[in-house]
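We use all heavy atoms of the structure for the numbers below, so side chains are in, but hydrogens, waters and symmetry mates are not. This structure is a prediction, so every number in the text was calculated from the model and none was measured.
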Amino acid sequence: MKKNIVFPGDRLASAEELLPGEGTYANGEHICAAIFGEFETDQKKRCASIKPFTVLPTRIKEGDEVIVRAREVSPERAFLKIICKVEEPERSIPHETDAVLHISQISNQYTTDVTKEYHPNDIIRAKVISDPPSLHLSTKGKEFGVIKAYCTRCRRPLKKRNNTLYCDECKRPEMRKMASDYGEGRLTSK
Amino acid sequence: MEKIKLIDEKGKRIDGRGAKDLRPIKIKVHPLNRADGSCYIEWGTNKVIASVYGPKEAQPKHLQDPLRAIVRCNYDMASFSVDERKRPGPDRRSSEISKVIGEALENAVLTNLFPRTMIEVNIEVLEADAGTRCTGLTAAGIALADAGIPMRDIPAACAGGKVDGKIVVDLRKEEDQAGDADLPIAILPRTKEILLMQMDGDLSEKEFYELLDLLADACINISEMQKKALLDRYKQEEDVEEDKETEGKKTENKEIKKEEEE
């Protein structure tokens, strides 16, 4: 079957006929394409949508893995800034990027204090547990946690040594909730 | 100084074009891998590259609009883009052009879908030969479509003017400098809604409307070229994917044969 390729602004159907879906918009009495792609109709839902040919702006939703940077850590929660989505690291996030990590979501073990697990400027891999605009994260599980951390005294990157982090400069260990692949430089956990 | 004759007896312009003819246009979509969307365009001897980043969180934060996205455009001319070296960096002219192009694009993009964000458009002029703001805007339109940003239509732009008392489309440098008037416009080709219009020099009302009609037709032609460029890029990608699939199948078949032999 020949593909029905549409460009932004192309009229797809009348507004009485179908509902505007993904990649389309209602313009008065017409439904028009908003992106470049292939026009599809869902006859069950009576919905017009477009299968994009280009990469669309990303959106964060529940269940996504994200890379975040800790901004502020209090005993009960950490305030984080989302850097990118693990699946699409190159695309910036088109909405609020401030997120919260509550003490109960740090790990499967009992946590007494968040400041003992994370410090400001740590790079953390986390999972999204609530849809935007209020983003809540979780680092439960061995693949989630710090993937890069800095010494709180000299700011040099910490190195992994026998399940703890160690600063070669200050000659002292530091504690963190680590991801299993700490320091390997990978964004994905797989 | 002797005045140059810009239009001869036969109505031909100095480069042999008729009054309604455009200069040759060559478009390449997505030349920059790291940008979300990009476009390189050669319009006559104009060479412009446009890139789009975002939508991303608007910075500085006081610029954020809680209801819609803002489009920030940065038009820049390279120091080697003109005959005499241009002092690099922003100046009065480029600030003005950045502002008008940004506002034109903001009216084409469905900004209400991305509140509190900004879309960054960078336009770099590598070689200039009159009409760079139209070239830049046309390229930016394609780059936005390439970035997958929802739009009402792909904006297209073209300049026109009055040269030796005649109305002509798509001025080149000599015509722009020695001509009587210059009118760059940008429209949404489908609805012919005007996004940008500036005028230099004098035109009578009749001439103005005549030129506007010619420019609208030119913009529709440009719009077709924009669509063709996008389609070519998509087809290229599809071909690459098909090649990979067929290669994958071939290797699979070979492996199966090997296993059978063993």
Side-chain angles (χ1 to χ4, degrees), chain A residues 2-12 20-39 48-60 66 68-69 71 80-85 88-99 132-135, chain B residues 29-30 33-38 52-59 61 64 66 69 108-120 141-156 187-191 193 223-224 226-231 233-238 241:
Chain A
K2 209 184 161 214
K3 282 179 183 173
N4 192 355
I5 295 170
V6 289
F7 295 93
D10 279 347
R11 278 182 188 169
L12 305 174
E22 202 79 353
T24 65
Y25 70 99
N27 181 18
E29 58 196 46
H30 296 285
I31 291 173
C32 301
I35 54 171
F36 167 47
E38 190 187 340
F39 174 44
S49 64
I50 292 171
K51 192 180 146 199
F53 288 159
T54 55
V55 183
L56 294 190
T58 167
R59 274 199 185 275
I60 288 176
V66 287
V68 296
R69 183 194 293 273
R71 275 157 59 102
L80 316 151
K81 191 94 183 160
I82 297 179
I83 302 170
C84 67
K85 199 166 145 181
E88 293 168 273
E90 275 150 27
R91 199 84 204 221
S92 41
I93 292 143
H95 49 77
E96 199 69 30
T97 52
D98 293 318
S134 91
L135 284 162
Chain B
V29 183
H30 208 84
N33 282 332
R34 304 288 294 184
D36 293 334
S38 55
V52 169
Y53 296 87
K56 57 186 178 183
E57 197 178 24
Q59 293 285 0
K61 274 201 165 186
Q64 285 187 359
V109 174
L110 294 170
T111 48
N112 56 334
L113 298 178
F114 303 102
R116 293 180 190 279
T117 61
M118 73 172 184
I119 299 163
E120 204 180 291
I142 304 169
L144 283 169
D146 181 37
I149 291 167
M151 284 189 288
R152 291 198 287 148
D153 199 349
I154 305 174
I187 62 165
L188 292 180
R190 222 168 303 263
T191 52
E193 195 177 323
S223 169
E224 290 304 317
Q226 287 176 313
K227 287 176 187 172
K228 196 176 165 289
L230 278 169
L231 209 56
R233 153 85 183 158
Y234 157 70
K235 276 183 182 159
Q236 256 179 19
E237 261 184 13
E238 203 179 41
E241 270 173 26

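- Contacts between Asp10(A) and chain B at a heavy-atom distance below 4.5 Å involve backbone atoms as well as side-chain atoms.
- Interface summary for chain A: among Leu188(B), Leu230(B), Ile149(B), Leu144(B), the most heavy-atom pairs under 4.5 angstrom belong to Leu230(B).
- Applying a 4.5 Å heavy-atom cutoff, the residues of residues 89-99 of chain A that approach chain B are Glu90(A), Arg91(A), Ser92(A), Ile93(A), Pro94(A), His95(A), Glu96(A), Thr97(A), Asp98(A).
- Interface residue Ile154(B): backbone and side-chain heavy atoms are both found under 4.5 Å from chain A.
- Here side chain to side chain donor-acceptor pair (under 3.5 Å) pairs that include residues 110-119 of chain B, with residues two or more places apart or in two chains, number zero.
- The minimum heavy-atom distance between Ala147(B) and Pro57(A), with the atom names listed, is O-CD, 3.9 Å.
- Formation of a donor-acceptor pair under 3.5 Å by the Ser38(B) side chain with backbone atoms of Ala35(B) is not found in this model.
- A search for side-chain contact (heavy atoms from CB on, under 4.5 Å) contacts involving Pro115(B) returns nothing, not counting sequence neighbours.
- Contacts of Lys235(B) with chain A are absent, with no heavy-atom separation under 4.5 Å from either backbone or side chain.
- In terms of heavy-atom proximity, Arg59(A) sits nearest to Leu113(B) at NH2-O, 3.1 Å.
- With a 4.5 angstrom heavy-atom cutoff, Gln226(B) does not touch chain A via any of its atoms.
- The main-chain N or O of Gly9(A) is found under 3.5 Å from a side-chain atom of Arg190(B) such that the two form a donor-acceptor pair.
- Checked for salt-bridge contact, Glu57(B) and Lys81(A) meet the test: a charged N lies under 4.0 Å from a carboxylate O.
- Under a cut-off of 6.0 angstrom, the local environment of CD in Glu22(A) is sparse, with at most 12 non-hydrogen atoms contributed by other residues, nucleotides or ligands.
- For Tyr234(B), the ring-ring contact (aromatic ring centres under 6.0 Å, His included) partners two or more places apart in sequence, or in a different chain, are Phe53(A).
- At a 4.5 Å heavy-atom cutoff, the contact between Arg34(B) and chain A is made by side-chain atoms alone.
- Among the candidates Ile50(A), Val55(A), Thr58(A), the residue making the largest number of heavy-atom pairs closer than 4.5 Å to chain B is Val55(A).
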